[in-house]
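Beneath this line is the structure, given in structure tokens, with notes to follow.
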Amino acid sequence: MSTVAAYAAPAAKAALERTTIKRRPVGEFDVLIEIKYAGICHSDIHQAREGWGEAIFPMVPGHEIAGVVAEVGSGVTKYAVGDRVGVGCFVDSCRECEYCKQGLEQYCVRGNIATYNGLDKNGEPTYGGYSTHIVVDENYVLRIPDSLSLDVAAPLLCAGVTTYSPLKHWNAGPGKKVAILGMGGLGHMGVKIAHALGAEVTVLSQSLRKKDDGLKLGADHYYATSDPKTFESLAGTFDLVLSTVSAPLDFGAYLALLKTDGTLVNVGAPEEPISLNLFPLIGGRKSLAGSMIGGIPETQEMLDFCAQHGLGAEIELIRADQINEAYERVLSSDVRYRFVIDIATI
Ligand code: NAP
Ligand code: ZN
Ligand code: ZN
């Protein structure tokens with residue numbers, strides 16, 4: 001057991017502050033990672049404020065982790081000291097169910113073990129990436145390709161794979177019209193990845209404030225959803241709409257933007273339920289779907305894809321003592337496009 005520095009929320013909605021936590025000893029198949037960077041995902045904020053229901057405190061958030069291997073257990077074969085690695089939203093799963101066997105650990109029947117705000121196999125709380133070190137079983141560690149710097153790679157571990165997985169699953173690619181709804185942490189990666197996959201990409205954002213950025217990141221078109229004309233001119237346009245919005249939305253209005261047989265995939269996780277007008281779904285044989293992060297093999301595939309296409313996140317690097325301020329800025333959609341904590345400042 002070792003004691004390491006971390007930033008934690010002591011209680012729901014409380015400001016995060018510096019503290020220390022215990023990490024388990026490095027077991028036979030474990031990797032000890034010296035964390036260099038941790039991204040701030042909107043999910044960190046939902047959970048630290050108990051927006052999704054009861055949570056475990058103190059909470060050390062952070063599931064976009066990039067660092068370097070500092071020690072390996074005697075049975076570890078995949079990683080060696082000095083390797084550049086990442087950890088995403090979960091650190092273990094049952095390994096036996098039909099989904100784990102297919103590398104879809106995110107949908108583990110018994111529930112995967114969340115990187116933080118979860119309980120490990122011994123019933124101890126898990127603590128995430130806003131800390132100097134983490135111990136993780138080698139099967140749940142990802143390799144970060146050399147050509148990606150660790151700071152811009154960190155957000156790929158959640159924002160990258162959460163957009164890559166549905167874009168691949170619903171065949172975003174040449175000849176497909178894809179809309180990315182919301183241009184925050186997830187959304188801006190969705191734009192980059194959909195463009196790299198060859199799709200024609202449209203951003204649907206609340207305003208045109210980030211239009212220049214969106215076009216630079218790979219969007220072909222950019223519209224403001226605050227303008228009612230957007231919904232008139234784009235009716236029946238898209239094969240796929242990917243919603244990354246963190247707040248409840250009128251999905252009926254976005255279903256109307258799909259072509260016949262089109263799909264609206266939601267990855268946003270708002271704290272409140274929505275009510276939905278089903279008529280746009282019926283008229284056009286449309287699908288409304290959801291998607292959660294990605295499994296270990298697909299997360300590695302995404303990292304390799306991003307390296308091949310030179311895609312990292314657009315980040316604002318912050319000190320650990322700026323985390324609370326960053327949370328407020330994320331909540332007011334004032335993020336361009338991911339805050340990343342320089343863990344050396346903890
Ligand atoms: P983020 O950086 O805050 O981005 C969310 C974007 O949604 C904002 O930048 C904004 O884009 C838009 N938005 C926010 N409030 C809105 C409102 N009231 N109406 C319309 N648009 C609004 O958050 P994120 O880190 O990308 O995460 C987005 C959501 O995905 C969160 O709910 C998070 O918990 C969830 N998530 C889900 C998964 C999964 O596996 N499914 C994984 C990670 C995160 P514009 O300024 O462009 O309008
Ligand atoms: Zn996340
Ligand atoms: Zn399983």
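Read the numbers this way: they start at 1 and go in the same order the structure lists the ligands and their atoms.
One finds a salt bridge joining Glu328 and Arg49 here, because a Lys/Arg side-chain nitrogen approaches an Asp/Glu carboxylate oxygen to under 4.0 Å. A salt bridge does not link Lys78 with Asp137: none of the charged nitrogens is closer than 4.0 Å to a carboxylate oxygen. Between Arg319 and Asp342, no side-chain nitrogen of the basic residue sits less than 4.0 Å from a carboxylate oxygen of the acidic one, so the salt-bridge criterion is not met. Note on Asp261 versus Lys286: no salt bridge recorded, every NZ/NE/NH1/NH2 to OD/OE distance being 4.0 Å or above. Salt-bridge check for Arg24 with Asp30: passed, with a basic side-chain N closer than 4.0 Å to an acidic carboxylate O. Residues Lys168 and Glu298 are not paired through a salt bridge, judged by the lack of any N-O separation under 4.0 Å between the basic side chain and the carboxylate.
Under 4.0 angstrom from ligand 1, the non-hydrogen atoms of Lys210 all belong to its side chain. With a 4.0 Å heavy-atom cut-off, ligand 1 is reached by the backbone of Ser291 but not by any atom from C-beta on. When non-hydrogen atoms are compared, ligand 1 lies under 4.0 Å from the side chain of Trp52 (C-beta onward) but not from its backbone. When non-hydrogen atoms are compared, ligand 1 lies under 4.0 Å from the side chain of Thr162 (C-beta onward) but not from its backbone. Only the side chain of Ala247 comes within 4.0 Å of ligand 1, counting heavy atoms alone; its backbone N, CA, C and O stay farther away.
A 4.5 Å side-chain heavy-atom check between Leu142 and Ile296 finds at least one atom pair inside the cut-off.
Counting only heavy atoms of the protein, atom 31 (C) of ligand 1 lies nearest to His46 NE2, 3.5 Å. The protein heavy atom nearest to atom 2 (O) of ligand 1 is Gly185 N, 2.8 Å. Of the protein's non-hydrogen atoms, Ser205 OG, 2.5 Å is the one closest to atom 47 (O) of ligand 1. At the top of the distance list for atom 23 (O) of ligand 1, counting protein heavy atoms only, stands His42 CB, 3.1 Å.
Remark: ligand 1 atoms within the under-4.0 Å shell around heavy atoms of Ser333 are 8 (C), 10 (C), 14 (C), 46 (O). Atoms of ligand 1 lying under 4.0 Å from at least one heavy atom of Thr244, given by number and element, are 5 (C), 28 (C), 29 (C).
Inclusion of Tyr337 in the set of residues having an N or O under 3.5 Å from an N or O of ligand 1 is not warranted. Checked against a 3.5 angstrom limit, the closest N/O atoms of Leu204 and ligand 1 fall outside it. Any N or O atom pair closer than 3.5 Å counts here, and Val267 shares at least one such pair with ligand 1. Looking at Met183 next to ligand 1, an N or O pair under 3.5 Å apart turns up.
Residue contact annotation: Arg338 has a non-hydrogen atom under 4.0 Å from ligand 1.
Using a 30° and 60° split on the angle between ring planes, Phe231 and Tyr254 fall in the perpendicular class, above 60°. Aromatic ring orientation, Phe305 versus Tyr164: tilted (interplanar angle from 30° to 60°).
The only member of Lys22, Glu34, His133 that meets side chain to side chain contact (heavy atoms under 4.5 Å, CB included) when paired with Val4 is His133. Screening Val340, Ile341, Val335 for a side chain to side chain contact (heavy atoms under 4.5 Å, CB included) with Ile40, the sole residue that qualifies is Ile341.
Centred on the Zn ion (ligand 3), the SG atom of Cys100 and the SG atom of Cys97 lie at an angle of 110°, reported to 10°. Rounded to 10°, the angle that SG of Cys94 and SG of Cys108 form at the Zn ion (ligand 3) is 100°. An angle of 130° is found at the Zn ion (ligand 2) between Cys41 atom SG and Cys158 atom SG, rounded to 10°.
Here the N, O or S atom of His63 that is nearest to the Zn ion (ligand 2) is NE2.
Relative to atom 26 (O) of ligand 1, the option among Val330, Leu186, Ile293 with the closest non-hydrogen atom is Leu186.
The two residues Pro61 and Tyr327 come nearest to each other via the heavy atoms CG-OH, 3.6 Å.
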